[in-house]
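Note sheet for the following structure.
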Amino acid sequence: MSRTIFIPVFCSVLVLSSCFSSGSDTEETGTGETETGIEKTAYRVEVAPISSFGRDSVIEKVATIEPVDSVQVSSLVQGRVGAILVKAGDVVSEWQVVVSLQDTIASYGNTLERSRNTLQSREIELERTAISLDKAIADANLSYQRAEKDLATAKADATERLAQASISRSTSDLSDENSTAAREIEKLENDLQKARVDLQKLQLDLENAELSLEQSEASYEQSVQSHEQTLAKNQDTVGNYFNSYNVYRSDLVKFVDNVTFDADELLGVTDINQAKNDEFDRFLGAQNAIQRDRTETMLEDIIRTSDSLSTVNHRNLSESNLVFEIERLDELYATMRTFLAEMKNVLENSIPSSDFTQTTIDGHLSTFSGYETTLQTMYATFVSSFQNTVTNFIDQYRDDEAISQKNLEVQEKSLDVQKKSLESTRASIESSKQNIASLVTQIQIQRDNLVTQDRTSEISLDREEIGTTDSVKNAEIALEQARVNLDNAQRNKTTTLASLRNSIEDARIALVRSERDYARLSVRAPISGKITDIAVERWQEVSSGTPLVSLSSTVVQEASLSLSSEEISRIALGSAIPLSSRESTFTGTVYSISSVADDTLSYEVLVRAESGLRQLGDFVTARIPVSYEFALLPVNIFETVSGNSGTLYILEDGIPVRKRVDIGAIRGTRVELVSDLSPETRVVTTSLENYNPNTSYLEVVE
């Protein structure tokens with residue numbers, strides 16, 4: 001139904017429009033006089049920025065005081081009447097047990113015991129796992145300490161070997177005339193025969209060096225092949241992990257499809273189920289519509305995510321892509337945990353009705369609770385049996401490749417040293433052969449041999465430096481590997497214990513829910529009063545919603561309000577409502593909201609108060625505070641209001657300008673301003689009906 005409010009149109013609209021334009025025939029002077037010299041009077045115009053108008057309001061309703069004649073107490077669970085603890089005419093107090101039900105159908109007691117056992121077993125598992133993880137960390141720490149000692153030993157050994165090699169090098173230094181080498185030259189000048197022996201030795205050394213070089217080259221080729229095999233093996237392992245990943249992905253997608261299928265039958269976000277829930281859609285999550293909308297949006301996102309995972313085709317088999325895909329599954333597990341909790345909130349915020357009974361709601365709650373348990377088990381298996389294994393493998397995979405590559409570099413340097421030594425030996429042999437023919441030449445050959453020895457000692461020193469450096473680096477690599485293992489053990493403890501603590505918290509929540517259901521077997525009086533009727537007999541089977549007893553209030557009175565569907569969305573059961581009469585002001589509590597509209601499309605809301613109400617039949621005023629999406633402006637500042645638009649005056653450069661704006665609902669004496677105007681826009685709040693620009697000038701008051 002469209003709304004139209006007519007406010008008297010100002011007779012001077014046309015005059016204002018012409019006078020506010022830049023081409024006005026009448027101009028104001030600085031002293032407030034016209035060109036004719038007639039002094040103008042000030043016309044006060046009040047303006048206010050849009051930001052000064054609030055969005056808060058109050059819904060006022062008049063209610064009639066009525067007695068709480070009778071309250072019907074019904075069963076909240078299924079069971080058998082075990083004991084009726086009152087009789088007609090008994091006076092009971094609030095929360096007194098009136099009927100005791102036996103747990104014969106739903107097995108609430110067994111469910112409670114299973115919940116307790118589950119919580120206890122998970123706490124024991126946490127303690128046992130913590131002990132095992134602490135032992136793993138202690139072992140890794142011991143290995144790390146050993147690696148530290150090995151590194152210190154390697155450094156000390158390297159220092160000692162280099163010192164000895166340096167001493168050996170100094171004895172063959174020909175630049176020092178007091179060195180052993182220099183004195184040897186003097187001796188060799190008288191020992192020609194020794195030169196021939198040395199020549200034979202060099203030839204033998206050459207053969208040994210060539211054989212050693214061939215062996216080293218063969219060993220290097222084997223190391224290259226081993227390195228390539230390591231790379232291939234690691235890549236095969238990554239491929240196998242992708243196969244395992246596909247299994248976990250498929251299981252999760254199937255689980256998500258089952259959950260989304262059940263959730264979609266309730267929420268109806270897809271085309272196939274959109275009309276399936278029409279008979280109960282208005283009751284589902286009705287107590288929190290915003291939370292239900294958020295859950296529907298999350299369901300749509302999950303369906304799209306599941307569809308994308310179902311069609312994924314892995315062509316990139318790198319370890320980084322494997323980590324990425326595992327993180328996607330981990331995010332989907334987290335999203336599903338949140339979604340299942342949201343679905344349970346939607347069901348718990350639903351309003352039971354004949355089309356959507358509490359039994360149906362409880363059944364759906366049980367289904368999604370079961371999904372929560374299944375999801376937790378799947379996620380624990382995924383983390384412990386796959387995610388942690390892959391993470392540890394990738395860390396080891398990268399370290400193994402680095403160590404293998406380092407070994408190849410060390411062997412390459414060793415080959416270079418051997419080749420240099422071989423070339424030096426060959427040079428010495430050739431020199432000896434050329435100079436052995438004559439004594440003078442032989443002496444020179446011997447001198448050359450000493451030079452060769454000098455070079456050999458230098459090469460030996462270089463080789464020792466390479467060897468000691470490699471030993472230290474290998475010890476450093478071992479230490480780093482031990483540190484990585486220790487860090488991995490500590491991280492594994494953190495993630496594993498966090499997962500187990502989450503499972504304990506889920507078990508604790510399930511226990512609280514089971515205790516709540518079990519407690520409902522003891523039916524209690526909701527108010528103090530007198531028992532007027534016993535509706536069941538002992539041993540009678542009852543279901544959720546079956547009337548048990550009736551009682552009349554002896555103290556409490558209530559006020560009946562009539563609210564629209566929009567207005568009841570602003571309150572909930574248990575809401576505090578301010579009430580006032582002519583004599584006093586007090587607070588009532590909403591304890592009943594009708595789900596069926598009357599002939600005027602209004603819903604009855606009952607507000608209960610134990611003090612403050614007066615005589616039966618008196619009237620009280622209920623004031624329900626509300627907050628709206630848009631700013632609320634007084635209706636009297638609008639020139640016209642018709643349908644979804646209206647006109648008002650805004651101040652631009654000191655001149656009132658008529659502007660058409662979009663409006664929303666009318667809230668009492670105020671109207672919602674829907675148009676997207678700046679919060680600093682100044683609105684004229686004073687009537688301009690009596691303003692005459694020929695005799696008055698504007699005086700703006702903020």
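One-based numbering along the sequence shown.
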Who pairs with [X] by side-chain hydrogen bond (donor to acceptor under 3.5 Å, both in side chains), at least two apart in sequence or on another chain?
X	answer
Asp662	none
Asp56	Ser627
Asp264	Thr270, Asn273
Tyr603	none

Validation row: [X], [Y] side chains within 4.5 angstrom (heavy atoms):
X	Y	result
Val73	Pro526	yes
Asn345	Thr295	no
Arg608	Leu606	no
Pro693	Tyr43	no
Ile361	Pro352	yes
Tyr379	Arg337	yes
Ile351	Ile593	no
Thr686	Tyr691	no

>> So that I can tick it off, tell me whether Arg328 and Glu325 are bridged by a salt bridge, with the cut-off set at under 4.0 angstrom between side-chain N and carboxylate O.
In response: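 Yes, this pair counts.
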> Quick check: are there more than 12 heavy atoms from other residues, nucleotides or ligands sitting under 6.0 Å from NZ of Lys659?
Replying inline: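 For Lys659, atom NZ is not crowded (no more than 12 foreign heavy atoms under 6.0 Å).
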> Under 6.0 Å from the CG atom of Asp278, do we count more than 12 heavy atoms belonging to anything else shown?
Replying inline: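 Yes, CG of Asp278 has more than 12 neighbouring heavy atoms, counting only those of other groups under 6.0 Å.
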Can you name the ring pair (Phe, Tyr, Trp, His ring centres under 6.0 Å) partners of [X], sequence neighbours left out?
X	answer
Phe280	Phe356
Phe283	none
Phe339	none

Hey, could you give me the [atom1]/[atom2] distance between [X] and [Y], rounded to the nearest 0.5 Å?
X	Y	atom1	atom2	answer
Thr367	Leu340	OG1	CG	11.0 Å
Asp330	Tyr333	CG	OH	9.0 Å
Arg294	Thr338	CZ	OG1	10.5 Å
Glu342	Leu347	CD	CG	11.5 Å
Glu46	Ser687	CD	OG	11.5 Å

Can you see which heavy atom on [X] is nearest to which on [Y], and at what distance?
X	Y	answer
Ala525	Ser93	CB-O, 3.9 Å
Glu680	Ser51	OE2-OG, 4.3 Å
Ser350	Val346	OG-O, 2.9 Å
Asp598	Ser562	OD2-OG, 4.3 Å
Ser550	Gln72	OG-CG, 4.1 Å

>> For Phe255, run the ring pair (Phe, Tyr, Trp, His ring centres under 6.0 Å) check against Phe261, Tyr371, Phe382 and tell me which one passes.
In response: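 Result: among Phe261, Tyr371, Phe382, Tyr371 is the only option passing the ring pair (Phe, Tyr, Trp, His ring centres under 6.0 Å) with Phe255.
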Main-chain N/O of [Y] paired with [X] side-chain donor or acceptor, under 3.5 Å:
X	Y	result
Thr357	Thr360	yes
Arg55	Glu629	yes
Ser544	Leu76	yes

> Between the side chains of Gln387 and Thr391, does any donor sit under 3.5 Å from an acceptor?
Replying inline: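 Note: Gln387 and Thr391 side chains miss the donor-acceptor criterion.
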Does [X] have any salt bridge (Lys or Arg N to Asp or Glu O under 4.0 Å) partners at least two apart in sequence or in another chain, and if so, which?
X	answer
Arg667	Glu566, Glu672
Glu348	none
Glu60	Arg623

> With Met343, which of Asp262, Leu267, Leu299 fulfils side-chain contact (heavy atoms from CB on, under 4.5 Å)?
Replying inline: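 Single side-chain contact (heavy atoms from CB on, under 4.5 Å) partner of Met343 among Asp262, Leu267, Leu299: Leu267.
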> Yes or no on salt bridge (charged side-chain N to carboxylate O under 4.0 Å, His left out) for Arg304 and Asp301, after CA distance, side-chain angles and deciding distance?
Replying inline: CA-CA 5 Å; Arg304 287 192 293 272; Asp301 293 339; 2.2 Å; yes
>> Considering only residues two or more places apart or on different chains, which pairs with a residue in residues 558-577 satisfy ring-ring contact (aromatic ring centres under 6.0 Å, His included)?
In response: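 Matches after skipping sequence neighbours: none remain.
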> Among pairs that include at least one residue of residues 353-375, which meet salt bridge (Lys or Arg N to Asp or Glu O under 4.0 Å), considering only residues two or more places apart or in two chains?
Replying inline: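 Listed once each, the pairs are Lys344-Glu372.
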